Amino acid sequence: MGANSSSISELPENEYLQKLSGSEPISENDPFWNQLLSFSFTTPTNSADLKLLEEATISVCKSLVEKNPRTGNLGSLIKVFLSRTKELKISAECQNHLFIWQAHNALFIICCLLKVFISRMSEEELQLHFTYEEKAGPSSYGTECEDLIEELLCCLIQLIVEIPLLYPCQHTDSNWWKWLCSWYRGRYSGGVTSALGDITYSISLEAVTTLIVFLSCQLFHKEILRESIIHRYLMHGRCLPYTSRLVKTLLYNFIRQERSPPPGTHVFQQQTDGGGLLYGIASGVATGLWTVFTLGGVGSKTSAQLEQCSPLASQSLLLLLVLANLTDTPDTPNPYRQAIMSFKNTQDNTAFSSSNPHAFQINFNSLYTALCEQQKSDQATLLLYMLLHQNSNVRTYVLARTDIENLVLPILEILYHVEERNSHHVYMALIILLILTEDDGFNRSIHEVILKNITWYAERVLTEISLGSLLILVVIRTIQYNMTRTRDKYLHTNCLAALANMSAQFRSLHQYAAQRIISLFSLLSKKHNKVLEQATQSLRGSLGSNDSPLPDYHFWEMSDCLHFPETKLKHAQDLNVIEEVIRMMLEIINSCLTNSLHHNPNLVYALLYKRDLFEQFRTHPSFQDIMQNIDLVISFFSSRLEQAGAELSVERVLEIIKQGAVALPKDRLRKFPELKFKYVEEEQPEEFFIPYVWSLVYNSAVALYWNPRDIQLFTMDSG
């Protein structure tokens, strides 16, 4: 076969891979590395590409796992990569332009090997593979025992934070980068997608991907990793000083959404004068081996599709989420989370707290725009949640925006298409709304924003509606969907809490929003009657006779039912839950009536139209107090309508309601505590967030594939 492998199936027999995974140690100074690393290929763009590659090279990886304890070839490869990256900064002086190209290729191989190693061994075993001494002769590193894992991790972080993208001299003051950029501009055409810009994009993406792979050991454990060798390296020692710069760079990668270069554009071409940047190496025997990495286009995206996405932005966001959710160590809080919690706007001139060495500044306007545009993805919604919940600077900025609809509308669209979203994405969207509705200014301002023609809302044509009324409609729809499908109490709780927070600030409710509030109460009432009937039948059956006297259901207690069979106890529990929800709905209606009745004639109209619904709850001991105000309002306006005569038009009824709202004696309405709910994370939130984040990585990471049979952290249907 030789070096010129013509298909993926021939890779295991390739002489270069056989030598790398063979029994002979290879010195880091061996010319073999120049041959191995001088290849040109289109970087795989999806998990299907990597799956094919991994399956083809698994025998090579197994051989390397077996032979590496005697050869130390993995360590040699990593040292070659480290030497190439160290020499990048002197390339301007020596005018040797192979380094970044070979560094990228070396990192791609390392990443592929690491992914297999990590999936097949413990961290302790992996660490041993990094510490085997090289047996092949003198090393440029001397005889010192280098900690290659820490060295490699630190190098990857440096690559991410220091390598500029696409015309680097626009983004840095570094003289050597300016020189190198100018040199490439002079020698190569192609505008923004210059040879330099394309390859730096690719190596930045590869560095981010390799860090994700390093952290992927979590995928192969059912329990949350609280003690991890890789975590310790990233949160202590040489990596620690780069914390804020790494978080800032990953955020800016997400913000910029730099498009990836079309496949193959970073392959350096020979010059017409025959000199050639690659000095002819790429056209030599090594090319045949690595051109198969194009994978013949099998399962890969088209160029047009790639231009519509930003792999670096997507991968950077995933890495940021993984880092932010690393568990705290006993003596040190997660520094990446600390950085996310404390960064400020570039326009904020206040001093940073000396207690947080990881603080930095970022352009909030750019961040806000990116968040608004990217909410279709789970990971962008999760980032928005983290920032609103953990960073008070971001939360204050967002709540002060005069274009808040740009952020809220995408969140509402997520909830509207609840049946198409996974439950975690829906939870995050709801919690974001709950956090926003904790602010009274937000609750007032959303009723002042008028929207036109909401095309994605299909139940009814909404030619003009306030953002507040639309929010109410979508949340109520989510509750109704949950009642008939998922029946998730946690989802109910968050929906109702958001409505409750808003209720005192309801203003000029759209007639359809007012109708849906009362319709939801009608649905709950019917559900209550059905559950009550089932519970009554169960209780009667347990007493042994249909004629047995029953206590008034108003005075049932859970303790009365504990001796019943499980099905009967469930009816009593269901009744208790539905009555809690009904109580909350009555409190929401009452809050609106007592605080802003004169602003909401449409709600009063809907209340009067369906007043019979409330009759059965007037004497119920769980609702008597809250029903007093509602009953008073219904009686007051019913009386005024009766005085006005029969067959009144809708317009006339609304006019009477508006007049009556002024005349209603407010002192007769009973005062209740203001409805206010605040989101608080449950204890040990990592039990929810870490599996969620890794399910996003598993499903969304660019060109990363893990065998689903190996995944332990979550069941495959939960991802």
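Residue numbers run from 1 in the order of the sequence given. Nothing here was measured: the structure is a model prediction, and the numbers come from that model.
Between F360 and F343, the ring planes are parallel. Angles under 30° get that label, and only those over 60° would be called perpendicular.
Checked against side-chain contact (heavy atoms from CB on, under 4.5 Å), H236 has the following partners two or more places apart in sequence or in another chain: R232, T329, D331, T332. Listed by chain and number, the residues in a side chain to side chain donor-acceptor pair (under 3.5 Å) with H231 amount to none (sequence neighbours excluded). Among residues two or more places apart in sequence or in another chain, the salt bridge (charged side-chain N to carboxylate O under 4.0 Å, His left out) test is passed with D328 by R337. When the ring pair (Phe, Tyr, Trp, His ring centres under 6.0 Å) test is applied to Y698, no partner is found at least two apart in sequence or on another chain. In this view, E123 and S228 satisfy the side chain to side chain donor-acceptor pair (under 3.5 Å) rule, not counting sequence neighbours.
S216 contributes no side-chain N or O that, together with a main-chain N or O of L219, makes up a donor-acceptor pair within less than 3.5 Å. Under a 3.5 Å cut-off, the side chain of T249 and the backbone N or O of R245 do form a donor-acceptor pair. In this structure, T243 contributes its side chain and L240 its backbone to a donor-acceptor pair below 3.5 Å. Side chain of N68 to main chain of L74: a donor-acceptor pair is present (N/O by atom type, distance under 3.5 Å, no hydrogens or angles). Using a distance-only test at 3.5 Å, with no hydrogens or angles considered, a donor-acceptor pair links the side chain of N334 to the main chain of L326. Looking only at distances, a side-chain donor or acceptor of T327 sits under 3.5 Å from a matching main-chain atom of L225. Listed for the W694 side chain is no donor-acceptor partner under 3.5 Å among the backbone atoms of V322. No donor-acceptor pair closer than 3.5 Å links the side chain of S316 to the backbone N or O of A313. For Q218 (side chain) and E223 (main-chain N/O), a donor-acceptor pair under 3.5 Å exists by modelled atom type. In this structure, N34 contributes its side chain and Q102 its backbone to no donor-acceptor pair below 3.5 Å.
Side chains of Q35 and Y16 form a contact here, defined as non-hydrogen atoms less than 4.5 Å apart. The shortest side-chain heavy-atom distance between L156 and L107 falls under the 4.5 Å cut-off. You'll find the side chain of L159 stays beyond 4.5 Å of the side chain of S204, heavy atoms only. Side-chain contact between I362 and I255 is present, with heavy atoms from C-beta onward closer than 4.5 Å. Between F254 and L371, some side-chain heavy-atom pair lies under the 4.5 Å cut-off. Side-chain contact check for Y336 versus N325: every heavy-atom pair is 4.5 Å or farther apart. In this structure, T71 and I26 have side chains that are not in contact, with every pair of non-hydrogen atoms separated by 4.5 Å or more. Side-chain contact between V65 and H129 is present, with heavy atoms from C-beta onward closer than 4.5 Å.
Here the straight-line distance linking atom CG of L148 with atom SG of C155 works out to 11.0 Å at 0.5 Å rounding. Interatomic distance, CG of L383 versus CD1 of I340, reported as 7.5 Å (0.5 Å rounding). Distance SG/C111 to CG/L704: 6.0 Å, rounded to 0.5 Å. Considering CZ of F108 and OG of S202, their distance stands at 11.0 Å, rounded to 0.5 Å. Atom-to-atom distance recorded for Q379:CD and L696:CG is 5.5 Å, nearest 0.5 angstrom. The SG atom of C154 lies 5.0 Å from the OH atom of Y242; values are rounded to the nearest 0.5 Å.
Minimum heavy-atom separation, C112 to L53: SG-CD2, 4.1 Å. Scanning all heavy atoms of the two residues, the minimum distance from S700 to L318 falls at C-CD1, 4.1 Å. When all heavy atoms are compared, the tightest approach of P691 to L713 is CA-CD2, 3.7 Å. When all heavy atoms are compared, the tightest approach of S342 to Q338 is OG-O, 2.8 Å. Closest approach of I118 and F220 over heavy atoms only: O-CD1, 3.9 Å. A pairwise comparison of heavy atoms in A106 and L37 identifies CA-CD2, 3.6 Å as the closest pair.
The stretch residues 100-120 participates, sequence neighbours left out, in these salt bridge (Lys or Arg N to Asp or Glu O under 4.0 Å) pairs: E54-K115.
A salt bridge links E55 with K51: at least one charged nitrogen is closer than 4.0 Å to a carboxylate oxygen.
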**OP:** Take L77 and L113 through the side-chain contact (heavy atoms from CB on, under 4.5 Å) test and state the conclusion after the steps.
**Re:** CA-CA 11 Å; L77 172 60; L113 294 174; 3.9 Å; yes
Subject >> Residues Q315, L205; criterion side-chain contact (heavy atoms from CB on, under 4.5 Å); working and verdict >> reply: CA-CA 7 Å; Q315 211 85 323; L205 175 59; 3.7 Å; yes
Subject >> Residue pair L321, F689: steps toward the side-chain contact (heavy atoms from CB on, under 4.5 Å) verdict >> reply: CA-CA 9 Å; L321 295 175; F689 286 104; over 6 Å; no
**OP:** For side-chain contact (heavy atoms from CB on, under 4.5 Å), just list the numbers for L215 and L234, CA-CA rounded to whole Å, side-chain angles, deciding distance to a tenth of an Å, and then say yes or no.
**Re:** CA-CA 10 Å; L215 290 159; L234 288 171; 3.6 Å; yes
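For Y233 and D147, the side-chain atoms include at least one donor-acceptor pair closer than 3.5 Å.
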